[in-house]
Amino acid sequence: MILPAKHKKYPDKLTIMLTEHALLELLSDGYFHSGTELGEKLKISRAAIWKQIRQLEILLGLDVQAVQGRGYRLAHPIELLEEKVIYDALSRQSKALLGMLEVHLQLDSTNRYLMQHGIRDNKSGAHVVLAEMQTAGRGRRGKHWVSPFAQNIYLSLMWQFTDATLNLSGVSLATGVAVIRALNSLGISGLQLKWPNDIYCQGKKLAGILLELRGEAGGRCNMVVGLGLNVNMSAHDAAEIDQAWTDIRSVTQRGFSRNQLVSAILSELLPCMALYSQQGLTPFLKDWEQHDMLKDKPVTLLMHEHQREGVAHGVNEQGALLFEYEGKIEPLYAGELSLRLNQ
């Protein structure tokens with residue numbers, strides 16, 4: 001297991017310096033802390049404390065309250081992600097499969113970071129990256145993924161597949177199954193899968209999966225599996241989302257530790273990648289069918305500027321959607337197409 005240094009320079013233009021990260025940790029409890037107290041703990045002046053609080057507000061969008069005679073506090077307490085807390089809670093099998101775990105305050109995109117900096121040697125194990133915030137988070141088909149600070153989970157995993165004959169079309173489906181298993185283990189139920197890469201609850205989008213692939217023709221390849229999971233999204237930050245959405249707090253009516261959620265997800269997702277490497281999608285098909293929100297329902301297929309009305313009939317062992325159109329059933333593979341459930 002390789003853990004990076006807890007504090008490091010983050011590779012984006014809006015770098016949060018070490019003392020600002022330490023200041024954020026002190027303020028995360030939501031209680032008032034005087035400028036004098038903060039200055040003493042961080043060994044900087046009260047004026048420097050004020051400047052750094054302004055940086056936290058500007059760069060991370062945090063609401064920091066300042067009250068004369070009482071000091072500073074966050075309007076809402078936050079839980080920061082911690083590498084050690086996440087790692088310690090992983091299953092034994094997942095620890096053996098994990099090579100590197102990184103937590104960043106801010107990245108443009110966790111997927112992009114791994115595509116540029118990820119460990120590509122399968123002997124090192126999986127490389128996992130999390131960010132508290134993304135400035136250019138991406139969903140499928142290039143859509144923007146809203147990624148406010150310390151509210152949700154933005155996670156990417158790089159896994160190397162070495163079997164050139166393995167069909168990777170179903171990796172997003174297996175990933176969806178793994179995430180549902182993890183959430184179920186924490187008592188979160190009523191979840192559904194929408195082909196090929198979305199997780200829904202109560203008819204609203206809860207999470208999305210984004211796959212990116214880099215490899216050699218007929219040889220080994222590195223896949224980055226990105227997951228965006230809404231945990232405690234504020235209505236203000238979600239105002240730009242253009243579809244029905246939900247988060248874990250809304251569907252459960254209680255709070256969850258994001259560190260606990262990440263550990264549960266990785267404890268399912270890492271073994272999922274290992275099993276897929278050996279057996280493909282087959283071990284995940286039963287669970288997929290159980291949670292398939294489109295099976296035997298009328299849908300609209302959207303592809304470029306064209307659309308077709310048909311019926312979805314589940315998926316095959318390669319992860320293709322079985323789409324019935326004008327009396328014929330044809331397999332469709334995820335690409336530049338999407339499905340909409342007809343109401």
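Quick note: residue numbers are just sequence positions, from 1. Side-chain atoms are counted along with the backbone in the values below, which use heavy atoms only and exclude waters and symmetry mates.
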With the side chain counted from C-beta on, respond yes when K205 and Y200 share a heavy-atom pair under 4.5 Å apart, and no when they do not.
-> yes

S28 vs P77 side-chain heavy atoms within contact, under 4.5 Å | no

Any side-chain heavy-atom pair of R214 and M115 under 4.5 Å | yes

List the steps, then state whether side chain to side chain contact (heavy atoms under 4.5 Å, CB included) holds for F323 with L301.
-> CA-CA 9 Å; F323 180 72; L301 171 66; 3.9 Å; yes

Q253 side chain vs S250 backbone, donor-acceptor pair below 3.5 Å = yes

Look at the side chain of W195 and the backbone N and O of G319, then say whether any donor-acceptor pair between them is shorter than 3.5 Å.
-> yes

Interatomic spacing from OG1 in T162 to CG in N222 - rounded to 0.5 Å | 10.5 Å

So, are E289 and K286 salt-bridged, with charged N and O less than 4.0 Å apart?
-> no

Flag side-chain contact, heavy atom, 4.5 Å: Q52 against I44 = yes

Do you know the tightest heavy-atom contact between Q65 and A75?
-> NE2-CB, 3.8 Å

Give the cluster check for V85 versus L90: same hydrophobic cluster or not, with ILVMFWY residues linked at side-chain heavy-atom distances below 4.5 Å.
-> no

Polar side-chain atom of S267 near backbone of S91 as donor-acceptor pair, under 3.5 Å | yes

Enter the distance from I53:CD1 to L27:CG here, rounded to the nearest 0.5 Å.
-> 5.5 Å

Looking only at atom types and distance, does a side-chain atom of Y276 sit under 3.5 Å from a main-chain N or O of G170, one as donor and one as acceptor?
-> yes

Ionic contact status for E330 with R308, cut-off 4.0 Å | yes

Does one hydrophobic cluster hold both I329 and L332, with members joined at side-chain heavy-atom distances below 4.5 Å?
-> no

If you look only at pairs with a residue in residues 35-47, which of them pass as a salt bridge (charged side-chain N to carboxylate O under 4.0 Å, His left out), with sequence neighbours excluded?
-> E37-K41

Residue pair V311, V299: steps toward the side chain to side chain contact (heavy atoms under 4.5 Å, CB included) verdict | CA-CA 6 Å; V311 178; V299 297; over 6 Å; no

Interatomic distance, L341 atom CG to K194 atom NZ [nearest 0.5 angstrom] | 8.5 Å

Under 4.5 Å between any side-chain heavy atoms of W159 and V225, yes or no?
-> no

Any side-chain donor near an acceptor of the partner, E79 and N259, under 3.5 Å | yes

Quick one: which of H104, R258, Q151 gives a side chain to side chain donor-acceptor pair (under 3.5 Å) with E132?
-> R258

Keeping the roles fixed (side chain from D247, backbone from N230), state whether a donor-acceptor pair exists under 3.5 Å.
-> no

Partners of K204 by side-chain contact (heavy atoms from CB on, under 4.5 Å), sequence neighbours excluded?
-> A244, T246

Consider only side-chain N and O atoms of H313 and E324, and report whether a donor and an acceptor are under 3.5 Å apart.
-> yes

If only atom types and distance count, is the side chain of H33 paired as donor or acceptor with the main-chain N or O of Y72 below 3.5 Å?
-> no

Does some side-chain heavy atom of L105 sit less than 4.5 Å from a side-chain heavy atom of H21?
-> yes

Sequence neighbours left out, cut at 3.5 Å: what donor-acceptor pairs do the side chains of residues 172-188 make with other protein atoms?
residue : atom : partner : partner atom : Å
S172    : OG   : P196    : O            : 2.9
T175    : OG1  : V171    : O            : 2.8
R181    : NE   : D287    : OD2          : 2.8
R181    : NH2  : D287    : OD2          : 3.1
N184    : ND2  : I188    : O            : 2.8
S185    : OG   : A182    : O            : 2.5

Among the clusters formed by ILVMFWY side chains lying less than 4.5 Å apart, do L60 and L80 turn up in the same one?
-> yes

Work out which heavy atom in L266 is nearest to a heavy atom in P271; give both atom names and the distance.
-> O-CD, 3.7 Å

Strictly by modelled atom types, are E309 and N342 linked by a side-chain donor-acceptor pair under 3.5 Å?
-> yes

Mark yes or no for whether R249, through its side chain, and M233, through its backbone, hold a donor-acceptor pair below 3.5 Å.
-> no

Assess the side chains of T135 and Q106: does a donor N or O sit below 3.5 Å from an acceptor N or O?
-> no

State, without any angle test, whether N152 and Y154 hold a side-chain donor-acceptor pair at a distance under 3.5 Å.
-> yes

Are L281 and E317 close enough that some pair of their side-chain heavy atoms sits under 4.5 Å apart?
-> no

Could you give the distance from CD1 (I199) to CG (L229), rounded to the nearest 0.5 Å?
-> 7.0 Å

Report yes if the side chains of L157 and V224 come closer than 4.5 Å at any heavy-atom pair, otherwise no.
-> no

Look up atom CZ in F32 and atom CZ in R70, then write down how far apart they are to the nearest 0.5 Å.
-> 4.5 Å

Do Y87 and E82 have side-chain N/O donor and acceptor atoms under 3.5 Å apart?
-> no

Where is the tightest heavy-atom contact between M223 and L211, given as atom of each residue plus distance?
-> SD-CD1, 4.1 Å

Are N167 and Q318 linked by a side-chain donor-acceptor pair shorter than 3.5 Å?
-> no

Go through K95 and R92 one step at a time and tell me if the side chain to side chain contact (heavy atoms under 4.5 Å, CB included) criterion holds.
-> CA-CA 5 Å; K95 288 178 179 178; R92 180 178 299 180; 5.7 Å; no

Within one Ile-Leu-Val-Met-Phe-Trp-Tyr cluster: L62 and W50, side-chain cutoff 4.5 Å | yes

About how many Å separate CG of L130 and CG of L101, when rounded to the nearest 0.5 Å?
-> 6.5 Å

Does the side chain to side chain contact (heavy atoms under 4.5 Å, CB included) test come out yes or no for L38 and L23, once each step is laid out?
-> CA-CA 7 Å; L38 295 171; L23 174 60; 3.9 Å; yes

